[in-house]
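Quick caveat: nothing in here was measured; it's all calculated off a predicted structure. Residue numbers begin at 1 in each chain, while the letters A, B, ... track the order of the sequences.
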2 protein chains.
Amino acid sequence: MINKDILQNKLKDKGFKITDQRLAIIDVLLEHKNHFISAEEIYKKVSVNLPKTNFSTIYRNLEIFEEIDIIHKTTLSGITAIYELICNNEHHHHIICKNCGKTEIIDFCPFDHIKSQINKKSFVLTGHKFELYGYCNRCLKK
Amino acid sequence: MINKDILQNKLKDKGFKITDQRLAIIDVLLEHKNHFISAEEIYKKVSVNLPKTNFSTIYRNLEIFEEIDIIHKTTLSGITAIYELICNNEHHHHIICKNCGKTEIIDFCPFDHIKSQINKKSFVLTGHKFELYGYCNRCLKK
DNA sequence: ATGCATGCAAAGCATTTGCAATCAA
DNA sequence: TTGATTGCAAATGCTTTGCATGCAT
């Protein structure tokens, strides 16, 4: 089960320093486990305890966190990039409401089904994205 | 088989006017069937024959084309949005090289496999994205 | 003590918007 | 003719960068 110590060690192991800002960002990510969160939301939450924190610090660290596989970044049309903690053994994909952004988790992974077919092709695979778009019940009622 | 007339009619049917710029964009999209292309690439290609064309015209029309299902827009981290013509009966997904952007088509669609499972959930599905990331042989050799 | 990390301010870049002129129907 | 479409220029908004200061190790 993922926790603060594991993530902190991941940083140390890769030679990054442990700073208040990084710990605060990790806290926010842990709070939002299994949910997408934008850089701005992280910025606001971190700012509650560390008011001087700058947006560039958030972005710089999110970039590092992505590099060392702490988080996964997703970009969608017309929406700010969103991030989520990578939880080992908790691999999953999403259904995303195009109107309100509500997400549900789907544990089916198409990658398992396709892996063998792809290996014939001249690509080394490092990642994949499977996202379903639509509207949730609440948005349909409006 | 998709062609210029079909797309032109699609515009007319939805009440949009046929302009030189729109036809030029359609030409470019047809030339790039089954390949992603960015707004800038479209802009440059359209500008060859219509030098006065403005970037905003490209963006405005790509937005319209997306609305009426002529193209599909894809957004990836750190890369400009990319577009491709929607070819009926030629539904497919991609493998994308994270280094050079080279794409290969995969005709496997995970959606077919998952559809029945999702309907239980409180979502109306309107679209999906399945993308594999990795490196192509040429980029690995470097 | 050393150099990585941060805050700050400014820049960058893709994309969007307001408005007047132009053009398709 | 008339409203949709375009070109132009300026604005927007997210994200990145340079640089001096501060802090973890």
Engineer: If you round to the nearest 0.5 Å, how far is OH of B:Y83 from CD1 of B:I70?
Structural biologist: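 With rounding to 0.5 Å, CD1 (B:I70) is 14.0 Å from OH (B:Y83).
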Engineer: Take the protein atom OH of B:Y43 and the nucleotide atom C1' of D:dT6, then report the distance between them rounded to whole Å.
Structural biologist: 13 Å
Engineer: Strictly distance-based, threshold 3.5 Å: is any side-chain N or O of A:S47 a donor or acceptor partner for the main-chain N or O of A:Y43?
Structural biologist: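 Indeed, once roles are kept as given, a pair shorter than 3.5 Å links the two residues.
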Engineer: Test side chain to side chain contact (heavy atoms under 4.5 Å, CB included) on A:K10 and A:F65; report intermediate values, then the result.
Structural biologist: CA-CA 9 Å; A:K10 217 164 188 173; A:F65 285 11; over 6 Å; no
Engineer: Exactly one of B:D27, B:L29, B:L85, B:I68 should register a side chain to side chain contact (heavy atoms under 4.5 Å, CB included) with B:L7. Which one does?
Structural biologist: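 It is B:L85, the one option of B:D27, B:L29, B:L85, B:I68 that forms the side chain to side chain contact (heavy atoms under 4.5 Å, CB included) with B:L7.
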Engineer: Could you work out, with salt bridge (charged side-chain N to carboxylate O under 4.0 Å, His left out) as the rule, every residue matching A:D69, not counting sequence neighbours?
Structural biologist: none
Engineer: List the protein contact pattern of nucleotides 14-19 of chain D with one symbol per nucleotide (5' to 3'): B for base contact, S for sugar-phosphate-only contact, - for none; contact means a heavy-atom distance under 4.0 Å.
Structural biologist: SBBBB-
Engineer: Out of curiosity, A:I71 CD1 to A:L62 CG, how far, rounded to the nearest 0.5 Å?
Structural biologist: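 That separation rounds to 4.5 Å.
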Engineer: Just the rounded figure in Å: distance from C1' of C:dC4 to CG of A:N61.
Structural biologist: 11 Å
Engineer: Starting at NZ of B:K52 and ending at P of D:dA9, how long is that distance when rounded to a whole Å?
Structural biologist: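 These atoms are roughly 13 Å apart.
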Engineer: In plain terms, say whether B:E41 and B:K45 are close enough for a salt bridge, that is, a side-chain N and a carboxylate O under 4.0 Å apart.
Structural biologist: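 Looking at B:K45 together with B:E41, the answer is no, because their closest N to O distance does not fall below 4.0 Å.
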Engineer: Could you list by number each residue of residues 15-25 of chain A showing a heavy-atom separation from DNA chain C of less than 4.0 Å, or answer none if no residue does?
Structural biologist: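 Result for residues 15-25 of chain A: A:F16, A:K17, A:T19, A:Q21, A:R22, sorted by number.
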Engineer: How would you list, by chain and number, every residue that makes a salt bridge (charged side-chain N to carboxylate O under 4.0 Å, His left out) with B:E67, sequence neighbours excluded?
Structural biologist: none
Engineer: Just how far, in rounded Å, is P of C:dA14 from NZ of B:K44?
Structural biologist: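 For the pair B:K44 NZ and C:dA14 P, the rounded distance is 10 Å.
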Engineer: Table please: side-chain donor-acceptor pairs of residues 13-20 of chain A below 3.5 Å, with sequence neighbours left out.
Structural biologist:
from	atom 1	to	atom 2	distance (Å)
A:T19	OG1	A:R22	N	3.1

Engineer: Angle, rounded to 10°, between the helical axes spanning five pairs at each terminus of the helix from C:dA1-D:dT25 to C:dA25-D:dT1?
Structural biologist: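 Answer rounded to 10°: the end axes differ by 40°.
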Engineer: Do B:I58 and B:V46 touch side chain to side chain, with heavy atoms closer than 4.5 Å?
Structural biologist: yes
